[in-house]
Amino acid sequence: MTFSKIIRGALLATGFVSSVVAGIAHAQAYPTKPVSLIVPFAAGGPTDVLARTLAVSMSKSLGQTVVVENRLGAGGTVASNVVAKAAPDGYTLFIHHNGMATAPTLYRKLPFNALTDFTYISLVADVPMTLLGSKKFPPNTMPEFIKYAKEQGDKINLANAGLGAVSQLCGTLLQQALGVAFTAIPYSGTAPAMVALLGGQLDVLCDQTTQTLPQIKGNTVKLYGVTSAERLSYLPDTPTLRESGLKDFEIVVWHGIYGPKGMAPDVVAKVNKAVQDALKDPDVIQKAGDLGAVIVPADKQTPAALQAWLKLEIDKWAPLLKAANQYAD
Ligand code: ASP
């Protein structure tokens, strides 16, 4: 028996060769079954709408269905924790927004580390927010809203999707800027909050255009302002909150795709390609445009860009959130 045969026999006996071969075959074959894309908020809301738009297109590229799963709770941190603890086999993916960057400051005991417990796949799209009132809510313009807010204070109900949600972040900055405290009404996402706003059970909601634009166009809500630094081309007559006197106010909701820490590099490359293909898909581009979502440029559609952006955003929001002094355990 030659030396190489002896080595080969020994490796086979330990199962080494077969497991390496199986690993290679697995990476080449991925995905062989449906892939879950976890959304941390309620179905039908802004994050969910973006996820479902991407999922349809990613399914074509991956050759397997990408199934959207809503895992609700604690401003998105329940879902983040589920993903952080999932098997890193490429069958559990995650879409999240700025909440990934605000949760490390907002929660004293987070059971995962946003910067080290995930595989970072790609940034996807940026979405502005809009400040809305119910049709039954008296103020019609932002100056009227400000006056009414100062007079009525906690008689006004303001929705949020939990600590870590951008609706909550927007509400915090708004109340801070106006020096008022509204009554917070928590929801599992802003889809149910929108239902309450339309029904007049809720007064005020700050939410992404991916959900609010159809309502604004249908004139079913009152629109007070946009959270971007500049006016939006598709809402040219709507002032920014900055213009209305809320100094330095700016929230742009960014979204990233993640997996659990430890995904194989070739599986990451396949998922990243599926995301990049989706972001070039004319159907996705059309839908994103219709809902005010801006697809990130190609150089941001990488694992490194997402990881670097997340770190910047954690550092950006930490002092602002500490100043607001809102924490959860
Ligand atoms: N807009 C929500 C938020 O406030 C999330 C959602 O329902 O998509 O973070």
Side-chain angles (χ1 to χ4, degrees), residues 37-55 68-80 82-83 93-107 114 124-132 157-175 182 184-198 202-216 221 223 225-228 241 249-258 287-288 291-294 310 313 317 320-321 324 326 328:
L37 177 60
I38 296 190
V39 170
F41 299 105
T47 314
D48 184 76
V49 166
L50 183 61
R52 285 177 199 272
T53 305
L54 293 172
V68 171
E69 254 183 73
N70 303 82
R71 299 297 290 259
L72 317 177
T77 57
V78 165
S80 304
V82 165
V83 176
L93 303 176
F94 184 39
I95 183 165
H96 201 359
H97 60 32
N98 311 45
M100 198 72 166
T102 56
T105 306
L106 293 170
Y107 287 80
V124 285
D126 296 335
V127 183
M129 300 184 86
T130 49
L131 181 64
L132 306 178
N157 293 331
L158 169 74
N160 71 59
L163 197 59
V166 284
S167 46
Q168 203 276 340
L169 178 67
C170 179
T172 299
L173 299 186
L174 179 69
Q175 291 170 88
F182 299 137
I185 313 281
Y187 293 87
S188 60
T190 46
M194 180 59 87
V195 173
L197 192 79
L198 295 174
L202 176 73
D203 299 322
V204 183
L205 167 66
C206 185
D207 202 17
Q208 291 107 298
T209 58
T210 27
Q211 169 164 253
T212 64
L213 210 47
Q215 302 300 341
I216 292 166
V221 290
L223 171 60
V226 296
T227 65
S228 44
L241 295 185
F249 198 107
E250 183 179 13
I251 302 177
V252 175
V253 184
W254 56 271
H255 301 81
I257 305 274
Y258 307 79
K287 181 101 196 258
L291 297 176
V294 179
L310 176 62
E313 282 278 295
W317 288 110
L320 293 160
L321 296 169
Q326 262 180 334

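Start at 1 and go down the list; that is how both ligands and their atoms are numbered.
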Seminar exercise, completed: Heavy-atom nearest pair, Gly189 first then Ala161, reads CA-CB, 3.7 Å
Exercise. For atom 1 (N) of ligand 1, what's the nearest protein heavy atom and its distance?
Worked result: Gln208 OE1, 2.6 Å
Exercise. Of all the non-hydrogen atoms in the protein, which one sits nearest to atom 9 (O) of ligand 1, and at what distance?
Worked result: His97 NE2, 2.7 Å
Seminar exercise, completed: All heavy atoms of Pro46 vs all of Gln208, minimum pair found to be CG-OE1, 3.4 Å
For this session: Indicate whether any N or O donor in one side chain lies under 3.5 Å from an N or O acceptor in the other, for Thr212 and Thr130.
Result: yes
Problem set entry | Closest protein heavy atom (residue, atom, distance) for atom 8 (O) of ligand 1 | Thr47 OG1, 2.6 Å
For this session: Return yes or no for this condition: an N or O of Gly189 is under 3.5 Å from an N or O of ligand 1.
Result: no
For this session: Before signing off on this row, confirm whether Ser167 and ligand 1 have an N or O atom pair separated by under 3.5 Å.
Result: yes
Problem set entry | Ligand-residue contact atoms, ligand 1 with Asp207, heavy atoms, under 4.0 Å | 1 (N)
Exercise. So which protein heavy atom does atom 2 (C) of ligand 1 come closest to, and at what separation?
Worked result: Thr190 OG1, 3.3 Å
For this session: Would you indicate whether the side-chain heavy atoms of Leu173 and Phe249 approach each other to under 4.5 Å?
Result: yes
Problem set entry | Rounded distance [0.5 Å steps], CG in Leu50 versus CG in Leu291 | 9.0 Å
For this session: Not counting sequence neighbours, which residues clear ring-ring contact (aromatic ring centres under 6.0 Å, His included) with Phe94? List them please.
Result: His96
For this session: Check whether any heavy atom of Ala42 sits under 4.0 Å from an atom of ligand 1.
Result: no
